[in-house]
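Notes follow once the structure below has been shown.
Just follow the structure's listing: the first ligand is 1, and inside any ligand the first atom is 1. Index from 1, following the sequence.
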Amino acid sequence: MDEIKIGVIGSGYWGPNLIRNFVEIPAADVVAVADLDPDRLTFISNRYPKIKVTQDYRELFKMGLDAIVIATPPASHYQIAMDCLGQGLHVMVEKPLTLSSQTAQELVDYAKEMDLTLMVGHTFEYNPAVRALKDLITTGELGTVYYIDGVRANLGLFQRDLNVLWDLATHDISILLYILGMEPLTVSAQGTACVLDNIHDIAYLHMTFPQNILAHFRISWLDPCKVRRITVVGSKKMAVYDDVESLEKIRIYDKGVEVPPYTSTYEEFKLSYRYGDVVIPHLSHMEPLRIECNHFLDSITNKIQPISNGESGLRVVKVLEAADRSLANYGNQEILIDTRADLNAEISV
Ligand SMILES: NC(=O)c1ccc[n+]([C@@H]2O[C@H](COP(=O)([O-])OP(=O)(O)OC[C@H]3O[C@@H](n4cnc5c(N)ncnc54)[C@H](O)[C@@H]3O)[C@@H](O)[C@H]2O)c1
């Protein structure tokens, strides 16, 4: 295939990042951008005079495109993605895929039926630091994973129609499912709506995974500090991923605690603590969004399933839905996979 002809729908805050990346990739040709807001189209025209602009995304269907990238608010993802797939176009849609597992499943099924690529913008799955974290787990360098703790907090940007979980925790859930290669067995969430009625701006998300792995995240739009940190504690080593750090995003701590094999008396019982070196691995500086955009093009050209394909988007939406149900039920635990049914919870990513 020659250059892949792309249309972008939505050029608000995030869309221009996608447009910039595809413009800079030789294998792509950004033909047109659609946005309801004429001011956003003027902004794009001033920056990229050759790109056609329109307020009606259906105009893009007459331009001989191969693929569409959707960066509109989540409530519009389902309908726009359905329309694009219906026109025989490959689709990359921003996170979250949709706002319900039913509509996410419909998109997955329709893309399959039409034999088209459906990819979700789980940007962190293309982040070299997150990939390094996944390697540390899958190669066994951390040992048995005991628990994962995370914080994603800052002041704003509040959404009017979505709570903080659907906005920010989408990233953490996609990271967790990706690095562990598993889906959670249970999900619970507690939170509060401090600023806007009924829109939770702070939430504590708790998940259990197979192999007794616990994950706990604090997600907030109402915090004085910007924190983007995930700690993975294993039986051999511990790793901290700090996305706010510009260069040293991953630190691997050779720290741990061991129980002596045998002690006959209480006095002899002493845990042995290991305080070893801290290693900061070198990571690629490539922009994660560039890797993601390249991967979308590769997936189309080579007819391969993207890492963050429709199923991956659906899995994340199912967790978010369960978290919402739990939020409404005072933190009640939602069972996603019933282990009594002996289901295999492992996924391949
Ligand atoms: N991957 C990431 O790290 C990341 C970061 C930020 C936002 N996002 C996602 O990107 C998407 C957009 O977020 P944003 O912050 O840019 O929102 P935004 O509100 O700033 O921009 C959305 C744009 O879409 C336009 N729009 C809405 N409906 C439209 C329609 N029917 N046709 C054409 N244009 C339409 C709006 O006019 C607006 O300009 C969301 O899904 C969000 O979750 C992803």
- Within a radius of less than 6.0 Å around CG of L271, do more than 12 heavy atoms belonging to other residues, nucleotides or ligands occur? yes
- Message: Would you say S45 and T42 are linked by a side-chain donor-acceptor pair, where the criterion is simply a distance under 3.5 Å?
- Response: no
- Message: With no hydrogens and no angle check, just 3.5 Å: does a side-chain donor-acceptor pair link S101 and E321?
- Response: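 Yes, because at least one side-chain N or O of S101 sits under 3.5 Å from a partner of the opposite role on E321.
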- Message: Is the ring pair Y126/H295 parallel, tilted or perpendicular, if the boundaries are 30 and 60 degrees?
- Response: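 Tilted: the ring planes of Y126 and H295 meet at 30° to 60°.
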- Query: Can K236 and E141 be counted as an ion pair, charged N to O under 4.0 angstrom?
  - Reply: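 No.
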- Message: Distance check, rounded to the nearest 0.5 Å: E125 atom CD versus S308 atom OG?
- Response: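 It is 5.0 Å, given to the nearest 0.5 Å.
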Ligand 1 polar-atom proximity to protein (N/O, under 3.5 Å):
{"residue": "ligand 1", "atom": "1 (N)", "partner": "E94", "partner atom": "OE1", "Å": "3.1"}
{"residue": "ligand 1", "atom": "1 (N)", "partner": "T123", "partner atom": "OG1", "Å": "2.7"}
{"residue": "ligand 1", "atom": "16 (O)", "partner": "Y13", "partner atom": "N", "Å": "3.2"}
{"residue": "ligand 1", "atom": "16 (O)", "partner": "W14", "partner atom": "N", "Å": "2.8"}
{"residue": "ligand 1", "atom": "20 (O)", "partner": "Y13", "partner atom": "N", "Å": "2.9"}
{"residue": "ligand 1", "atom": "34 (N)", "partner": "L36", "partner atom": "N", "Å": "3.2"}
{"residue": "ligand 1", "atom": "37 (O)", "partner": "D35", "partner atom": "OD1", "Å": "2.5"}
{"residue": "ligand 1", "atom": "39 (O)", "partner": "D35", "partner atom": "OD1", "Å": "3.1"}
{"residue": "ligand 1", "atom": "39 (O)", "partner": "D35", "partner atom": "OD2", "Å": "2.7"}
{"residue": "ligand 1", "atom": "41 (O)", "partner": "T72", "partner atom": "O", "Å": "3.3"}
{"residue": "ligand 1", "atom": "41 (O)", "partner": "H77", "partner atom": "NE2", "Å": "3.1"}
{"residue": "ligand 1", "atom": "41 (O)", "partner": "K95", "partner atom": "O", "Å": "2.9"}
{"residue": "ligand 1", "atom": "43 (O)", "partner": "K95", "partner atom": "O", "Å": "2.7"}
{"residue": "ligand 1", "atom": "43 (O)", "partner": "K95", "partner atom": "NZ", "Å": "3.1"}

